[in-house]
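Notes for the one structure printed next.
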Amino acid sequence: MTFSPDLGTDAQLFGHDATPGIVSVHADHRGRAWVWRRVGESLTLERDTFRPWLFAADLRDLEHLGSRLAWNDDSAEFAVRSLRGGEGRLRYLLTARDGQALRQEVLRGASKRSGRRVTGLRDLPGYHGVQPVEGYLMASGRTYFKGLEFDGPVRLQFDLETTGLDPATSRIFMIAVRDNRGFEAVLEARRANEEAALVEGLMRVLRERDPDIIENHNIHGFDLPFLQGRAERLGVTLNFSRPGAPPGLWRVLDGGRDAHWACAGREIVDTIDAVRRLNLPSAGLKAVSQLFGLAPEGRVYLEGAKIAQTYVSQPALVRRYALQDVQEVEALARRVLAPSFALARMAPRPYHRLPYAGTAMGMLEPMLVRAYLRAAHALPGPQPPGEAHQGGAVTLFAEGVLRRVVKADVASMYPSLIRHGRIGPVSDTLGVFLHLMDHLTRLRLEHKAAARRGDPGEHDAMQNAMKLVVNSGYGYLGAGRMSVFGDVQAANRVTTRGRETLRLVTDGLADRGVTLIEADTDGVYFSVPEGWSEEDERRVIREVDALLPDGVTLEFDGRWAAMLSHETKNYALLGYDGQLDLRGAAFTSSRGEAYGRAFLRRAVTCLLQGDVPGVRAAFEDALDDVTRGHLRNAEVASRVRLTRSEDEYRQSRPGRQEAVYEALFRAGRAWQAGDRVIVYQRAGAGLCMLDDPDDRDYDARHYGQVLLNGFATRLRKGLTADGYAQVTRQRQPGLFDTPLTDLRTVWQPVPARTDGRARSGSSQAE
DNA sequence: TCAATCCGGGG
DNA sequence: GTGTACGGATTGA
């Protein structure tokens, strides 16, 4: 097959209908579709119809319909057509004037056949259907946003300021709103009896500004549930929908996941869904904005719990804060939602579902099903229970302190192995999966090149979006019975080749005289001999790359002065610039007390610099500080999240007492489930609430032990047993101790396991 | 070791 | 009243 080099015309990728400007679609089971399109500043609503459809393995559940089920008649009440394909597959396409009626007839038939009440298609193997909007988009071949750039649609951001987090006990006193056409406003309710008018005010702004897209950070998790909770109490009916379609704002339960909110004609998207994909240390708005440099000049920061009281004394400050929130959300959305926006041009799904949909089930599978529907081809049947899925290999070769550390990794390993090994689902007889993998990769490279040249258009978002989908290919194969085309055997062929590739890499590197440290799925850390230059490091990587199969590339990924290898996926790196990077729970656990984390950073830095007396000094200072009571309580305290409410704990208390809740009782503090409290061990009093962070009445013995057993042990692998004992001893040096200046850091090889099993992990290649 | 569960984040 | 599915860390058996 050959492809035209122009971007965006492949029907399997973009759908077979090029209608431009679609900004929102609403559809129902009766085959009615509302399609909002934007051309420049003018918006049109088109009413369309479609035949709701359902793939089926056989027709036995519809026998009771008799002649009401017509063959090949797309105007009949119920119709069926036979699909190309074969035995054991979903070889019939059922369609109906009313998709809901069709489902009910199937359920009626299935209930009669099985003798039990079947209430959902989910309990029934042998069918595949989707929700109305997806059904419309797949059947029509349309997608969102063709010919539109990110600011083509009207994007509006709003943010609530409330007196607390619970709508049962708190209220809304301010709403900041802005849009990308120059509108900005702060709505306020100075008194409680103005809150209903405030909510109405927000809906008036929505009507007047008429946005296509509504954005905020955690809008599904906070703003909309809170707004709904208040509206119910105030007797206000929420309507976010556009005129001409069903009114309202509704909660959508997606499987076991958190609820999301939707309306007709506007896309409600949450920046937090996109941010969570990025695996940043915090997904909070302020933290992420600072990280990305999006925070506006003169940003006001207010602690959540103090916003309402600040509003009383400094309303102007809170107004500024709230406006900066929506400005920040706008900038964040532009950055993190661009890939979803680009994907919406390809996948037959509404934009608002893409930021929280998984890339495999949420994007790849709909594209596959659309292609089969278009080709009138049968879908694969239910998967037989397959073999267990095997993950990538993780091997620790050496532990301790190693110098001159280099990381090499196989570029996009799993996608490369899939494409070059032609590994696709055996059930995908049309070859759509590999076509999508190939074509997405090719287009991605073109967009990447265009982005680098600075061509006009959102090429970077496009290449990012394509990367997401390509990288989900492996996960999709391994998704097993959940996915229509899942093929665990194929996924295992990918990981088997991955392990072989990693083995080629580690053997090739070891043959060239380096010391292997840790290999994980698609990358290797190793240490090079003294005297090697960076060019030598890159040369061995090139040499080993030449040993790999065509299309699989080993790349240089970084170099560091030293590494403390502690356990698989737990290590510390010291950069040539002196920067310390700690990885893995052993070093970064969030519960870790501040004094211990500070000690660990200082001690590990010294250790990696080969400065053992410095390690000792760090330990001595930390132990001294903690045992002599020099630290403030805040430095030894840790944050605990309360999972149970006061009532729940009172009930379970006779069975098992828990220190945190007992401390709350003693302190006479009320709490709710989900609250976070800061606690510490007080001398002679056990676990207590941290009342005064600056006080110094903590249990010094306890925290001395934590320093030794909880933190210092992370240094153990980098020292001899004798050296570790001396660095962490609690007495003065003895007569027979080796002088500290003579102590060296050490490393040792980790013996290969002889039980034939790799130290396995299941991390996925990028 | 593996599966079930929790959690994020919002004022 | 819908054929839908986050990802990582932690905990429990």
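In this text, all values refer to a predicted model and were calculated from it rather than measured experimentally. Below, chains carry the letters A, B, ... as their sequence lines are ordered, and counting in each starts from 1. Hydrogens, waters and symmetry mates are skipped; everything else that's a heavy atom, side chains included, is used.
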Checklist entry - Going by number, which of residues 276-283 of chain A have a non-hydrogen atom under 4.0 Å from DNA chain B? => result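 Within residues 276-283 of chain A, the residues near DNA chain B are A:Arg276, A:Ser282, A:Ala283.
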
Starting at atom [atom1] of [X], determine the distance to atom [atom2] of [N], rounded to an integer number of angstrom.
X	N	atom1	atom2	value
A:Glu134	C:dA5	CD	C1'	13 Å
A:His26	C:dT2	NE2	C1'	12 Å
A:Arg230	B:dG10	CZ	C1'	16 Å
A:His128	C:dG3	NE2	P	11 Å
A:Phe222	B:dC7	CZ	P	19 Å
A:His260	C:dA5	NE2	P	10 Å
A:Leu227	B:dG11	CG	P	14 Å
A:Asn216	B:dG9	CG	P	15 Å

Checklist entry - When you measure from the centre of the six-membered ring of A:Phe50, is the NZ or CZ of A:Arg30 under 6.0 Å away and within 45° of the axis? => result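 Ring-cation test returns no.
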
Item to check | Test: A:Arg335 cationic atom under 6.0 Å from A:Phe292 six-membered ring centre, within 45° of axis | outcome: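 The answer is yes, since A:Arg335 meets both limits relative to A:Phe292.
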
Next on the checklist: Could you tell me how far B:dA4 sits from C:dA5 if I compare only their C1' atoms? Round to whole Å.
Outcome noted: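 It works out to 16 Å between them.
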
Item to check | Nearest-angstrom distance, P atom, B:dG11 to C:dC6 | outcome: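 It works out to 25 Å between them.
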
Checklist entry - Do any side-chain nitrogens or oxygens of A:Gln100 fall under 4.0 Å of OP1 or OP2 in C:dG1? => result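 A:Gln100 to C:dG1 OP1/OP2: no side-chain N or O under 4.0 Å.
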
Looking across every strand, which nucleic acid part, if any, lies under 4.0 Å from [X] by heavy atom: base, sugar-phosphate, or nothing?
X	answer
A:Asp270	nothing
A:Ile172	nothing
A:Arg30	nothing
A:Leu165	base
A:Asp223	nothing
A:Leu285	sugar-phosphate
A:Gly284	sugar-phosphate

If only side-chain N and O atoms count, and only distance matters, is there a donor-acceptor pair under 3.5 Å linking [Y] with [X]?
X	Y	value
A:Glu365	A:Ser483	no
A:Gln290	A:Tyr301	yes
A:Asp522	A:Tyr414	no
A:Glu215	A:Gln157	yes

Of the nucleotides [options], which one has an atom closest to the side chain of [X]?
X	options	result
A:Pro132	C:dT2, B:dG11, B:dG9	C:dT2
A:Arg349	C:dG1, C:dA5, B:dG9	C:dA5
A:Leu121	C:dG1, C:dG3, B:dG9	C:dG3
A:Arg353	C:dG3, C:dT4, B:dG11	C:dT4
A:Leu124	B:dG9, C:dG3, C:dT4	C:dG3

Checklist entry - Taking it one step at a time, do A:Arg353 and A:Glu134 satisfy salt bridge (Lys or Arg N to Asp or Glu O under 4.0 Å)? => result CA-CA 10 Å; A:Arg353 298 187 61 153; A:Glu134 278 83 356; 3.2 Å; yes

Could you list the donor-acceptor pairs under 3.5 angstrom formed by side chains in residues 101-110 of chain A, with sequence neighbours left out?
unit_1, atom_1, unit_2, atom_2, d
A:Glu105, OE1, A:His64, NE2, 2.8
A:Glu105, OE1, A:Arg108, NE, 3.1
A:Glu105, OE2, A:Arg108, NH2, 3.4

Checklist entry - Can a donor-acceptor pair under 3.5 Å be found between the side-chain atoms of A:His217 and the base atoms of B:dG10? => result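 No pair found.
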
Next on the checklist: Strictly by side chain to side chain donor-acceptor pair (under 3.5 Å), give each pair with a member in residues 222-231 of chain A just once, sequence neighbours left out.
Outcome noted: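 Passing the test, one end in residues 222-231 of chain A: A:Glu195-A:Arg230, A:Asn216-A:Asp223, A:Gln228-A:Glu232.
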
